[in-house]
Amino acid sequence: MSERKTRYAAAIPDRQSHSGLVLFHVGMRINRLRSTKQWGSVLLAMSRMLRELEEHPALGMLGSESYRSGRRFLGVQYWRDLESLHAWSRSGDHSHFPAWRTFNRAIKASDAVGVFHETFVIGPDGSGTLYVDMPPTGMARAVGSAPATRSSAGPIDVAHQPEH
Ligand code: HEM
């Protein structure tokens, strides 16, 4: 195996007219294993949404990765901007809006399954990435890669820089 390490960073786009790149976490937790109907319907809704977003990149999702740990499921998504994310989530023509309504009506009455969303707007000044010997991953897979530099790994904390 080659001893040369590959190092790269994500090519985070500059914030222009829109909000900027969005990192979105969507997660669920099976609280009651036996309530298969409840958590099964959320899992199914989630996979329907992901399929729709992957098949129609114009909707704004640039990339997504899914993880599972025990009863918890996590989707890590990168969106072009907040406008696209909110437009899709509220559109009656797409898969999220009906699932949201069903969740509120039927599933919310029980605690069999939990759902969470976290939304982060990412700008070039407040974020960083570094990938070493990794196949295209995470943000770099979604937006493309660039050579790693000293500053691309993360925002510099001026107050805690090591002294030379
Ligand atoms: C691809 C995955 C998903 C994305 C990108 C997504 C995105 C969003 C966004 C952006 C909102 C905020 C909408 C707004 O305030 O205008 C939202 C709200 C909501 N989503 Fe999702 N969602 C996803 C999956 C799910 C799933 C699987 C469920 C459950 C079936 C769900 C249930 C809800 C509910 C109940 C709300 C409203 C929360 C509240 O304000 O009370 N979402 N989602």
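Treat the numbers as computed from the prediction; the structure is a model and nothing was measured. Heavy-atom basis, side chains included; hydrogens, waters and symmetry copies ignored. In each ligand, atom 1 is the first atom listed, and ligand 1 is the first ligand listed.
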Proximal atoms of ligand 1 relative to Val26 (non-hydrogen, under 4.0 Å): 2 (C), 23 (C), 24 (C)

Ligand 1 N/O within reach of His117 N/O, cut-off under 3.5 Å: yes

Besides Phe97, the hydrophobic cluster formed by Ile, Leu, Val, Met, Phe, Trp and Tyr side chains linked at under 4.5 Å, directly or via other members, contains Trp100

Which atom of Tyr78 lies closest to which atom of Leu23, heavy atoms considered: CE2-CD1, 3.7 Å

Given side-chain contact (heavy atoms from CB on, under 4.5 Å), test Trp88 with Leu53 step by step and report yes or no. CA-CA 9 Å; Trp88 171 80; Leu53 292 166; 3.6 Å; yes

Enter the distance from Tyr131:OH to Arg7:CZ here, rounded to the nearest 0.5 Å. 13.5 Å

Per-atom contacts of ligand 1 with Asn104, taking only distances under 4.0 Å to non-hydrogen atoms: 35 (C)

For Leu53, the ligand 1 atoms with a heavy-atom partner under 4.0 Å come out as 1 (C)

Filtering Trp79, Phe24, Trp88, Phe103 for the heavy atom nearest atom 29 (C) of ligand 1 leaves Phe103

Would you kindly say whether Arg141 and Thr137 are connected by a side-chain donor-acceptor distance under 3.5 Å? no

Distance-only side-chain donor-acceptor flag, Ser91 / His94, under 3.5 Å: yes

Indicate yes or no: does an N/O atom of His96 lie under 3.5 Å from an N/O atom of ligand 1? yes

With heavy atoms only and a cut-off of under 4.0 Å, state how Thr119 meets ligand 1: side chain, backbone, both or neither. neither

Check ligand 1 against Gln77 and write out every atom of the ligand that is under 4.0 Å from a heavy-atom position of the residue. 1 (C), 2 (C), 5 (C)

Which option wins on minimum heavy-atom distance to atom 16 (O) of ligand 1: Met49, Arg90, Arg48? Arg90

Note: Met61, heavy atoms under 4.0 Å from ligand 1, region reported as neither

Show, in sequence, the C-alpha distance, side-chain angles and deciding distance for Glu54 and Met61, and conclude whether the side-chain contact (heavy atoms from CB on, under 4.5 Å) test is met. CA-CA 7 Å; Glu54 279 162 6; Met61 191 183 77; 3.9 Å; yes

